[in-house]
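Below is one structure, written out as structure tokens, with a few remarks after it.
Chain letters run A, B, ... following the sequence lines, proteins first, then strands; residues in each count from 1.
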Amino acid sequence: GAGVSQTPSNKVTEKGKYVELRCDPISGHTALYWYRQSLGQGPEFLIYFQGTGAADDSGLPNDRFFAVRPEGSVSTLKIQRTERGDSAVYLCASSLTPGRNSPLHFGNGTRLTVT
Amino acid sequence: KNELEQSPQNLTAQEGEFITINCSYSVGISALHWLQQHPGGGIVSLFMLSSGKKKHGRLIATINIQEKHSSLHITASHPRDSAVYICAVPNAGGTSYGKLTFGQGTILTVHP
């Protein structure tokens, strides 16, 4: 596709369940980022991939959160034992390289609601 | 961690008015992003700048590195400009320019 694609666009799950959120970056983009945006707040960094490896996962809030990018393209953010506080919009972004002159392209996000 | 402060938090304007949104930051940076987010939609990158001024259509972004301040201007505003405008900067010492710290956003509403 032409842009960053995130699926599903909306996800409602019960407390304690496991969820997976998918991000399809722009083809050829090596850098991929996950952010979380709570209501009324700016996004917060979660994790950054360069290729297949997680170059920086310092933003993951706890060990219930995990992300993979096995082939260096599609990434999946996985949340175990979801809590109501995990409800937020999860945003994915990609760029051709992680460098200064490489624009970021964002997806439309996945709105996660934990009931 | 860099602290970003945007002002105003909410801005209402009439169509045609000149709009200014401000962003101040606490720690020296290499670049600053201005982003636009429509309700229910994703984020669009408007500008990335490290000095001076950039212009794209009716949008102008300026940055003063010494004063740690950036502004986003919209000329001849239109209702379709209604959105949240967010400034963001790369985390200091980070290995990637995409690892950003975001401001809280300015909600702009332009009435016809």
Problem set entry | Region of A/S94 in contact with chain B, defined by heavy-atom distances below 4.5 Å |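 When you check distances to chain B, no heavy atom of A/S94 falls under 4.5 Å.
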Exercise. Using non-hydrogen atoms only, which part of A/Q37 is less than 4.5 Å away from chain B: side chain, backbone, both, or neither?
Worked result: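 Side chain of A/Q37 only, per the 4.5 Å heavy-atom cut-off to chain B.
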For this session: For the pair B/K55 (side chain) and B/G57 (backbone), establish whether a donor and an acceptor sit closer than 3.5 Å, ignoring hydrogens and angles.
Result: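 Yes.
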Exercise. So, does A/D57 use its side chain to make a donor-acceptor pair with the main chain of A/A54 at under 3.5 Å?
Worked result: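 Judged by distance alone, no pair lies under 3.5 Å.
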Problem set entry | Which of A/A93, A/P43, A/G42 touches chain B most, by non-hydrogen pairs under 4.5 Å |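 With the most close heavy-atom pairs to chain B, the winner is A/P43.
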Problem set entry | Lys/Arg N to Asp/Glu carboxylate O, A/D86 vs A/R84, below 4.0 Å |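 Salt bridge between A/D86 and A/R84, a charged N being under 4.0 Å from a carboxylate O: no.
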Exercise. Given a strict heavy-atom distance threshold of 4.5 Å, which part of B/L35 is in contact with chain A: side chain, backbone, both, or neither?
Worked result: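 When you check distances to chain A, only side chain atoms of B/L35 fall under 4.5 Å.
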Problem set entry | Side chain, backbone, both or neither of B/I86 within contact of chain A (heavy atoms, under 4.5 Å) |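 Interface part for B/I86: side chain.
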Exercise. What is the ring orientation for B/F102 with A/Y35, classed by angle as parallel under 30°, tilted 30 to 60°, or perpendicular over 60°?
Worked result: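 B/F102 vs A/Y35 ring planes: perpendicular.
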Problem set entry | Polar side chain donor-acceptor pair, A/Y18 to A/Q80, under 3.5 angstrom |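 Note: A/Y18 and A/Q80 side chains miss the donor-acceptor criterion.
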